[in-house]
Structure formats: C-alpha cells, structure tokens
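Excluded from the calculations below are hydrogen atoms, water molecules and symmetry mates; all remaining heavy atoms, backbone and side chain alike, are included.
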Amino acid sequence: MKLVYGVKDKPKAGQLIVFAIQQLLAIMAATIAVPAIVGNGMSASAAMLGAGVGTLVYQVFTKFKSPVFLGSSFAFINSMIAAFAGAASMEAGYLGLIIGAALAGLVYVIIALVVKFVGVGWINKLMPPVVIGPTVAIIGLGLSGAAIKDVFSYGPQDADGNFLMSGSLWVSLVCALVTLIVVILCSTYGKKMAKLIPFIIGILAGYAVATVFTVIGDAANIPELVVIDFTPFKALFADGVSLSSFVALPEFTFATALDGLKNVDMSYILTVAVAYVPVAFVVFAEHIADHKNLSTIIEEDLLEEPGLHRTLLGDGVGSAVGAFFGGCPNTTYGESVGCVAITGNASVVTITATAIMAILVSFISPFVAFLDSIPGCVMGGVCITLYGFIAVSGLKMLQKVDLEQNANLFTASVILIAGIGGMSMAIGKVTITSIACALILGIVVNILLNKSRKE
C-alpha cells in the first residue's frame, strides 16, 4: 500500500490530533487489558501514561525514525503475577514490577551492545524472509481468536465458557459487524480524511449502534439489549460533582512501591529476575518480527537505520521507564503497525502525538471512562482488520520466496503450524510463547535444510 504520510511527514495540526486519537484507540484495549488481567489494584490509566512515556523514550533512542507505539506487553503477564505472588506485601510486589522491568530492559541493553559491535548481518542470515514472513503472519493469526472472542464478548455463556445463541449474542454480532464494515468501507472508498481515520469512524459507528440497543434495552427492561456498561461514567459523579470528576491523578507504580522497600530482600529479587529475564529473550524474537514487518510497510530497513541496536535500546529502556509509572513492561504493538499499514500514515509525528495524548488523557477522567465503556464487541470489529493486516503483511513477505524448493516450503510450513497450533512451552515460571517456539523451530529447520543442500 502506498503511504499517504511518510515517516518524516508532518500532518496539519487538526489532522494530527485526529490521527493520534485513532492510534490511541487502536492500542488502547490491549494496553489497559494487561493491568486488568494482573489485578492487585493496578491502574489502567497509569498503564496508559507508562505506555506514552515509554513510547517517547523509544522515539528518542530511534531518532524519531520508527513509527510504532509501545504498549503493555502480554508476554510479561505471568512474570508480573509471579512478582506479586512472591512478594511479602502488595507494596513489595509493586516494587518487584519495577525491578523486573529494569532487569528485562538490561537484557535488551546488553543485546543492543552486541548488535552495535557485531552488526545485523547474522540476524538477516538467521531470519531470512522465509522465516520472518510466516512468523509475522502467526502474530496476526495468533491474535485472531482474541478478536473473535471480543466480537462475541457480550452474551450469556454456558458452564464451559461457550457463548449461547441468544438475542444478546446477535446484538453483539451486529455491533461488531457494523464497526467492521464501516472501517472497511472508509478505508477502501473513503475520501480524504475518511480514508485516513477509518478506525475512529468505525468505533463511533459501532458505539452509536450499541448505544441505541442499550437505550432501548433500558427503556423496555430487556437486559439482552444492554450492550454498553455506563458504570465508569456513573462512578465519576458517585460522590457528586468535584474536580476528580474531570481530572484525576493515576495511581503510579513507583508511589506504591516506595512503601515496599522494607519488605524486599535478595531472594525476592532473584525470584523476580528468574520470572522476567528469560521472557526478555522471548520478546526479543517478537521485537525482530515487528520491526521486519514495519520495515516492509514503510519500505525502509529499520534494522539498518536507525539500527537494531537503537530499536532495542528504545524498547528496553522505554519498557523499564513505562513500568516505573504503570507497572507494565512495554513492547512494540502489532495493533500500531496494523494501523500504519491500513491508513498509510507512517508519520512519526503522529506516533509522538499519540504518546503525548496517552499521557494527557490518563489524567482526564471522562475520557478514561469513555475508553472503559467501549464494548468489547466494537473493539472486536476493529481488531479483525488490525490483526488481519498483520497476518497478510507476513504472507506478503513470502511472495518473493521460492516455495517450489522443499527447504523453503518446509521451513514456512513448520512455522505456520507450530504458531497457529499454539506450540508453547513452560520451563518453570517462564512460558516460551507459541510465536517464539515457532520462530526457533523455523530457524533450526531452515539452517538444517540449507546446510544439507549445500553439502
């Protein structure tokens, strides 16, 4: 797809704000989902602020040449849970989040130094298009289940968690399909701004339909039609109108962590290190895949310029800084890459504006409430397109690969099947994700087959 805005382009001020909102909506659901999953009182608004600050750090390290947003990493969820589980108090657990993210960031710094002096040639040989293409594809395909689950996220379930075919399920599906179709139509046939902000228009369309269903459901006392939970808005005025109804300070991780200093000893630090450090190596593989994919979209090799060492430093340090505020280590987001691909807007200025906006909105209570109130089915409609584009971007990398050669055919095959099939491994408290397992398996197969062919 031809870019409408290149990496160095600067949209007009009014457009820039709208583009930033769109990027924010694209990454919002996943970013605030991580603290919700980990629990222990973690703040969604603090996670948003941490993601914004982490992204700014990343942009500085990459010399504002890599158009991608950093959000809360799902790969570290088990690590974060382990930090709380092994802590003597909740406050110590919050300190453990910061220590763990710092250690994971240190791993990235060490790898970055190695890359700086050795170069990236070995990575290109280790991960040619036949390896990286299917890996990028399974990032999108692996998320497909989450997207469809979101589409049907509103509706009664049976004892096994399966959604029942009821009126509410159909309502959820209608909202998701309206969102999906509007996004597709705007992106394909839209003119000027409509083509550049399909996600905003799609989300607003889905939200409007969901609102109509909810109003009818409330008025007619039909619970199956109540799609939107307006509780976040009601909570703003539960104790009357006050300053906090409009502006509120997020619950920062470091503020709580200070009270946990007295409950942290060396054994706990080692526990946190074991939970975080190995995962950093796993996320490194996903870091490569994301930047290879983004490089294909913008037609500039980010591993060469600004350089893999810079993207790693930005990711590692940005992740640690983000966790200092929000507790969640950050990572480059596929949703952000998908947004760039679909809209053709690769402007780094847009990403920077999104980061600043993420910081600002974390203090604005009504906006946080609005984000919390967007139904899962509406976001599911958006995610179908986002995750689909990630998958297709990976498959496009295979276009120039000769799949008539068995070496290439088997390499791509094992990656796709291992990734889609969910080949993951748990080693102690460390879980090697299906993406990492598939990538490792693909690298091994590719090396073995090409070595045999040369011999």
[Y] backbone acceptor or donor facing [X] side chain under 3.5 Å:
X      : Y      : value
Asn40  : Val38  : yes
Ser336 : Phe69  : yes
Ser295 : His291 : yes
Ser187 : Ile184 : no
Tyr58  : Phe64  : no
Ser72  : Thr31  : yes
Ser66  : Thr62  : no
Gln23  : Thr352 : no
Thr343 : Ile197 : no
Thr253 : Gly327 : yes

Rounded at 0.5 Å granularity, tell me how far [atom1] in [X] sits from [atom2] in [Y].
X      : Y      : atom1 : atom2 : answer
Gln22  : Ile27  : CD    : CD1   : 12.0 Å
Ile374 : Ile228 : CD1   : CD1   : 9.0 Å
Asp229 : Ser373 : CG    : OG    : 8.5 Å
Ile356 : Ile17  : CD1   : CD1   : 11.0 Å
Ile181 : Cys186 : CD1   : SG    : 11.5 Å
Cys437 : Ile415 : SG    : CD1   : 12.5 Å

Residue pair [X] / [Y], side-chain heavy-atom distance below 4.5 Å:
X      : Y      : answer
Val57  : Val321 : yes
Phe199 : Leu25  : no
Lys396 : Thr296 : no
Phe363 : Met48  : no
Ile111 : His309 : no
Thr350 : Pro11  : yes
Pro198 : Ile201 : no
Trp122 : Val115 : yes

Where [X] and [Y] come nearest, the two heavy atoms and their spacing:
X      : Y      : value
Val349 : Asp9   : CG2-O, 3.9 Å
Ile351 : Thr55  : CG2-CG2, 3.9 Å
Ala275 : Ser79  : O-OG, 2.6 Å
Gly381 : Val151 : N-CG2, 4.2 Å
Thr411 : Asn446 : OG1-CA, 3.5 Å
Ala101 : Ala320 : O-CB, 3.9 Å

With under 30° as parallel and over 60° as perpendicular, where do the rings of Phe252 and Phe325 fit, or are they tilted in between? perpendicular
For the pair Phe367 and Phe370, name the ring-plane relationship: parallel under 30°, tilted 30 to 60°, perpendicular over 60°. tilted
I'd like to know if the side chain of [X] pairs up with that of [Y] as donor and acceptor (distance under 3.5 Å, no hydrogens or angles considered).
X      : Y      : result
Asp290 : Thr332 : yes
Tyr207 : Thr179 : no
His287 : Thr331 : no

Tell me, with the steps shown, if Ile298 and Leu302 meet side chain to side chain contact (heavy atoms under 4.5 Å, CB included). CA-CA 9 Å; Ile298 66 175; Leu302 295 173; 3.8 Å; yes
For a side chain to side chain contact (heavy atoms under 4.5 Å, CB included) check, start with the C-alpha distance between Ser172 and Val227, then their side-chain angles and the critical distance, and finish with the verdict. CA-CA 7 Å; Ser172 175; Val227 184; over 6 Å; no
Start with the C-alpha gap between Ile297 and Val337, add the side-chain angles, then the distance that decides, and say whether side chain to side chain contact (heavy atoms under 4.5 Å, CB included) holds. CA-CA 9 Å; Ile297 294 168; Val337 176; 3.5 Å; yes
Would you say the ring centroid of Phe254 lies under 6.0 angstrom from that of Phe324? yes
Flag if over 12 foreign heavy atoms under 6.0 Å of CD, Glu251: no
State whether Lys65 and Glu300 are salt-bridged, where the test is any N-O pair (Lys NZ or Arg NE/NH1/NH2 against Asp/Glu carboxylate O) under 4.0 Å. no
Show the numbers, then the answer: is there a salt bridge (charged side-chain N to carboxylate O under 4.0 Å, His left out) between Glu305 and Lys63? CA-CA 9 Å; Glu305 181 61 37; Lys63 300 188 293 186; 3.4 Å; yes
Chi angles and distances behind the side chain to side chain contact (heavy atoms under 4.5 Å, CB included) call for Ile99, Ile269: CA-CA 8 Å; Ile99 294 172; Ile269 294 176; 4.3 Å; yes
